[in-house]
Trainee: 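One structure, pasted below without further comment.
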Amino acid sequence: MTVSDQQNEKAEQSVGEFTLAGPLGTTPPTALPYPVPEPDATWDLPNGFARVYHAEGNQGIVRPVLMADGFNLGKSDLDWLYAGLDRDHPLLSELRRRGRDVILVGFKERSASILDNARTVTAAVQRTIAEQLGDALLTVGGFSMGGLVTRYALARMEQDHVDHRTSVYFSYDTPHRGAHIPVGLQAFSHFIPLPNAFARQMNSPAARQMLWRHYDPMTGESGVAPERTEFLRDLERLGGWPRIPRTLALANGRGDGTGPSVPPGETVLKAERIYPGTVFSAQAQGRDVTVAELKRRFPKAEKTVTTTGFPELDGAPGGTLRSYGILADALKKVGATVDLRHAEICFVPSVSAVAVRDLDEQKDLYTAVDSLSPEDSDVDDFICSATTTSHTAVTEELGTWLVDRLAD
């Protein structure tokens, strides 16, 4: 083996040291791009922790808003979460200015089972109630998977006859009906010849519970993971949703049936030099549709990934993730040349974020949500973004809508 071959082999082995995450869940730079205040209190909780930021002028917790972190691999970084929630639109600053105490809830392992991390939220709610000054009701919600964790926790508390004293539940671009990571990308994580972070993320308990379709590395098949089936059954046994609070849902995707421009079947990413000849294609409808041609040199292998009966998910209306862009960055970092044509694709479809339709059918996935009434949704009120925005991006439109709907 030549020196060049040895270098390329090492590159193929090391490419998977990344994860797919939105702006709230990415690894922060050494110096945060936004000043984050010191918390007024920190709590150690089962499977997680929390930071408390009092409202302007408050000496304790008076009108609490609990916000749970979302999905990625590893421990929550609440400094990064605070910066992400306040940098582009000052959501947390505005809440605190209006007399709200912000409690950020993080997890020791964000990719753990939603049920495990729900225990963290339950403990945070109970700690909040125990330390609160006065009797104002709580607001409890989360971003991305954090909305599922808080949804489950509150419903579980109601089932167990535990008073959560919550008047408003909210979810922010939460995949209530499932999230979409292309099965070709999922398959690639396991095509890398050594264990890696990307594969651990894709096959984690939370991913298996949250993804609409999951690629099983043992069988090479894509389908509904057993963990998702069981999670949905658990939710159903709890009544599906918390019934006491008013429920709100926000979507980063548009509500007019328009998604990112990603033509079905079109090449989205090609790689050469490292994984030479590997090609990913946008999801199209039909039988035996090729979504990825995976090729590696060390050890030499090829794999074709196909789907049957999938709708056109990549270009669906929804909050977007740089799914292919993140992989392209990782490939370039180890020396590949890439042809990246569509960095961002749909991650959480709008119909999933506001809980109005399932994702199985093309017509449902592309529903013009804005034409529906709140009665069509599982939640009491919802909003879709006027423009396609990144998954969990806090915009003035969505942030203002949420703050204006919190109970006094």
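All heavy atoms count here, side chains included; hydrogens, waters and symmetry mates do not.
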Trainee: Cut-off 3.5 Å, side chains only: do Asp380 and Thr247 have a donor facing an acceptor?
Mentor: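 Yes.
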Trainee: Quick one, Asp116 with Phe107, criterion side chain to side chain contact (heavy atoms under 4.5 Å, CB included). Give me CA distance, side-chain angles, the key distance, then yes/no.
Mentor: CA-CA 10 Å; Asp116 290 343; Phe107 308 109; over 6 Å; no
Trainee: Quick one: do the Ser373 and Glu375 side chains pair a donor with an acceptor below 3.5 Å?
Mentor: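 Side chains of Ser373 and Glu375: pair found under 3.5 Å.
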Trainee: Would you find a donor on one side and an acceptor on the other, under 3.5 Å apart, between the side chain of Tyr169 and the backbone of Gly147?
Mentor: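 Side chain of Tyr169 to backbone of Gly147, a donor-acceptor pair under 3.5 Å: yes, one is there.
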Trainee: Taking the side chain as every heavy atom from C-beta outward, state whether Arg405 and Val168 have any atom pair closer than 4.5 Å.
Mentor: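 A side-chain contact is absent here, since even the closest heavy-atom pair is not under 4.5 Å.
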Trainee: Judged by atom type as modelled, is there a donor-acceptor pair below 3.5 Å linking the side chain of Ser377 to the main-chain atoms of Pro374?
Mentor: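 Pair absent, no side-chain N/O of Ser377 close to backbone of Pro374.
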Trainee: Checking Arg341 now: which residues fulfil salt bridge (charged side-chain N to carboxylate O under 4.0 Å, His left out) with it, not counting sequence neighbours?
Mentor: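 By the salt bridge (charged side-chain N to carboxylate O under 4.0 Å, His left out) rule, Arg341 matches Asp339.
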Trainee: For the atom pair CG (Leu340) and OH (Tyr324), what is the distance rounded to the nearest 0.5 Å?
Mentor: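 One finds 10.5 Å between CG of Leu340 and OH of Tyr324.
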Trainee: Strictly by modelled atom types, are His164 and Glu158 linked by a side-chain donor-acceptor pair under 3.5 Å?
Mentor: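 Checked: His164/Glu158 side chains pair up, N/O donor to acceptor below 3.5 Å.
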Trainee: Work out which heavy atom in Cys346 is nearest to a heavy atom in Pro317; give both atom names and the distance.
Mentor: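 In this case the closest contact between Cys346 and Pro317 is SG-O, 4.0 Å.
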Trainee: Any side-chain to backbone donor/acceptor pair from Thr174 onto His176? Under 3.5 Å, distance only.
Mentor: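 Side chain of Thr174 to backbone of His176: no pair is present.
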Trainee: Determine the minimum heavy-atom distance between Asp364 and Thr367, stating which atoms define it.
Mentor: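 Minimum heavy-atom contact is O-OG1, 2.8 Å.
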Trainee: Please check: side-chain N/O of Asp173 versus main-chain N/O of Ala251, any donor-acceptor pairing under 3.5 Å?
Mentor: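 Side chain of Asp173 to backbone of Ala251: no pair is present.
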Trainee: Looking at Asn117 and Arg110, what are the two nearest heavy atoms and their distance?
Mentor: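 Minimum heavy-atom contact is ND2-O, 4.0 Å.
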Trainee: Tell me, do Val291 and Phe310 make a side-chain contact under 4.5 Å, heavy atoms counted?
Mentor: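 No, too far: nothing below the 4.5 Å cut-off.
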Trainee: Regarding Asp404 and Arg98, does a basic nitrogen lie under 4.0 Å from an acidic carboxylate oxygen?
Mentor: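 Looking at Arg98 together with Asp404, the answer is yes, because their closest N to O distance falls below 4.0 Å.
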Trainee: Should Leu327 and Arg322 count as side-chain neighbours, where that means a heavy-atom distance under 4.5 Å?
Mentor: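 No - every pair of side-chain heavy atoms lies 4.5 Å or more apart.
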Trainee: Can you confirm whether more than 12 heavy atoms, excluding those of Glu17, are under 6.0 Å from its CD atom?
Mentor: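 Yes, CD of Glu17 has more than 12 neighbouring heavy atoms, counting only those of other groups under 6.0 Å.
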Trainee: For a side-chain contact (heavy atoms from CB on, under 4.5 Å) with His391, tell me which candidate from Phe143, Tyr172, Phe347 qualifies.
Mentor: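 For His391, the side-chain contact (heavy atoms from CB on, under 4.5 Å) check succeeds only for Phe347.
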Trainee: Could you tell me whether Asp234 and Arg156 have a side-chain N and a carboxylate O separated by less than 4.0 Å?
Mentor: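 Arg156 and Asp234: not salt-bridged.
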Trainee: Any side-chain heavy atom of Ile274 within less than 4.5 Å of one from Val15?
Mentor: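 In short, these two side chains do not touch, never coming nearer than 4.5 Å.
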Trainee: Going from CG on Leu359 to NE2 on His180, what distance comes out if it is rounded to the nearest 0.5 angstrom?
Mentor: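 Nearest 0.5 Å value for the CG-NE2 distance: 10.0 Å.
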Trainee: Within a strict 4.5 Å, meaning less than it, do heavy atoms of the Glu56 and Ser93 side chains meet?
Mentor: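 A side-chain contact under 4.5 Å is absent here.
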Trainee: Donor-acceptor check, side chain of Glu109 to backbone of Gly74, threshold 3.5 angstrom: yes or no?
Mentor: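 At least one qualifying donor-acceptor pair exists.
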Trainee: Looking at Asp378 and Arg177, is any side-chain nitrogen of the basic one under 4.0 Å from a carboxylate oxygen of the acidic one?
Mentor: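 Looking at Asp378 together with Arg177, the answer is yes, because their closest N to O distance falls below 4.0 Å.
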Trainee: So with a 6.0 Å cut-off around CD of Glu361, is the heavy-atom count from everything else above 12?
Mentor: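 Open.
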Trainee: Of all heavy-atom pairs between Arg254 and Ala386, which one has the smallest distance, and what is that distance?
Mentor: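 What the structure gives for the nearest pair is CG-O, 3.7 Å.
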Trainee: Could you grab the distance from atom OH of Tyr152 to atom CD of Gln159, nearest 0.5 Å is fine?
Mentor: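 Those atoms lie 9.5 Å apart.
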Trainee: If every non-hydrogen atom of Asp314 is compared with every non-hydrogen atom of Pro260, which pair is closest and at what distance?
Mentor: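 Residues Asp314 and Pro260, closest heavy atoms: O-CG, 3.7 Å.
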Trainee: For the pair Glu230 and Arg237, find out whether any cationic side-chain nitrogen is under 4.0 Å from an anionic carboxylate oxygen.
Mentor: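 Between Arg237 and Glu230 there is a salt bridge, with a charged N closer than 4.0 Å to a carboxylate O.
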Trainee: For the CD1 atom of Ile383 and the CG atom of Leu250, what is their distance to the nearest 0.5 Å?
Mentor: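 Nearest 0.5 Å value for the CD1-CG distance: 6.5 Å.
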Trainee: Sequence neighbours left out, what pairs pass side chain to side chain donor-acceptor pair (under 3.5 Å) with at least one residue falling in residues 271-280?
Mentor: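 Side chain to side chain donor-acceptor pair (under 3.5 Å) check on residues 271-280 returns no pairs.
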Trainee: If I take atom OG1 from residue Thr120 and atom CZ from residue Arg127, how far apart are they, to the nearest 0.5 angstrom?
Mentor: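 Going from OG1 on Thr120 over to CZ on Arg127, the span is 13.5 Å.
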Trainee: Just by modelled atom types, is the Leu92 backbone N or O under 3.5 Å from a matching donor or acceptor in the Asp86 side chain?
Mentor: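 Looks like yes, one N/O pair under 3.5 Å.
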Trainee: Could you tell me if the side chain of Trp80 sits less than 4.5 Å from the side chain of Val36, heavy atoms only?
Mentor: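 Heavy-atom side-chain distance check fails, nothing below 4.5 Å.
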Trainee: Please determine whether a side-chain nitrogen of the Lys or Arg among Arg97 and Glu94 lies less than 4.0 Å from a carboxylate oxygen of the Asp or Glu.
Mentor: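 So Arg97 pairs with Glu94 through a salt bridge.
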Trainee: Okay, side chain of Arg151, backbone of Gly240: is any donor-acceptor separation there less than 3.5 Å?
Mentor: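 A pair under 3.5 Å: yes.
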Trainee: Do you know which two heavy atoms are closest between Gly60 and Asp101, and how far apart they sit?
Mentor: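 So the minimum-distance heavy-atom pair works out to O-OD1, 3.4 Å.
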Trainee: Under the side chain to side chain contact (heavy atoms under 4.5 Å, CB included) rule, what do Gln13 and Val334 come out as? Steps first, then yes or no, please.
Mentor: CA-CA 10 Å; Gln13 292 173 345; Val334 298; over 6 Å; no
Trainee: For a side chain to side chain contact (heavy atoms under 4.5 Å, CB included) check, start with the C-alpha distance between Leu95 and Val403, then their side-chain angles and the critical distance, and finish with the verdict.
Mentor: CA-CA 7 Å; Leu95 285 169; Val403 170; 3.9 Å; yes
Trainee: So do the side chains of Tyr215 and Ile181 get within less than 4.5 Å of each other, counting heavy atoms only?
Mentor: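 No, every pair of side-chain atoms sits at 4.5 Å or beyond.
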Trainee: Nearest 0.5 Å, please: how far is OG1 in Thr122 from CG in Asn47?
Mentor: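 One finds 10.5 Å between CG of Asn47 and OG1 of Thr122.
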Trainee: Only pairs at least two apart or in different chains count here, so list each side chain to side chain donor-acceptor pair (under 3.5 Å) that has a residue in residues 194-214.
Mentor: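 Residue pairs with at least one partner in residues 194-214: Asn72-Gln201, Ser113-Gln209, Asn203-Arg208, Asn203-His214, Arg208-Glu227, Arg213-Asp360.
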Trainee: Is there side-chain contact between Phe198 and Leu20, with heavy atoms separated by less than 4.5 Å?
Mentor: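 Yes - at least one pair of side-chain heavy atoms lies under 4.5 Å apart.
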Trainee: So, does Arg96 use its side chain to make a donor-acceptor pair with the main chain of His54 at under 3.5 Å?
Mentor: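 Side chain of Arg96 to backbone of His54: a pair is present.
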Trainee: Please walk me through it: do Gln186 and Leu211 pass side chain to side chain contact (heavy atoms under 4.5 Å, CB included)?
Mentor: CA-CA 11 Å; Gln186 295 182 53; Leu211 290 175; 3.8 Å; yes
Trainee: Given 3.5 Å as the limit, does a donor-acceptor pair link the side chain of Asp256 with the main chain of Ala368, or not?
Mentor: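 Looks like no, no N/O pair under 3.5 Å.
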Trainee: With distance as the sole test, does Ser352 use its side chain to make a donor-acceptor pair with the main-chain N or O of Val348 at under 3.5 Å?
Mentor: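 No, Ser352 side chain to Val348 backbone: no donor-acceptor pair under 3.5 Å.
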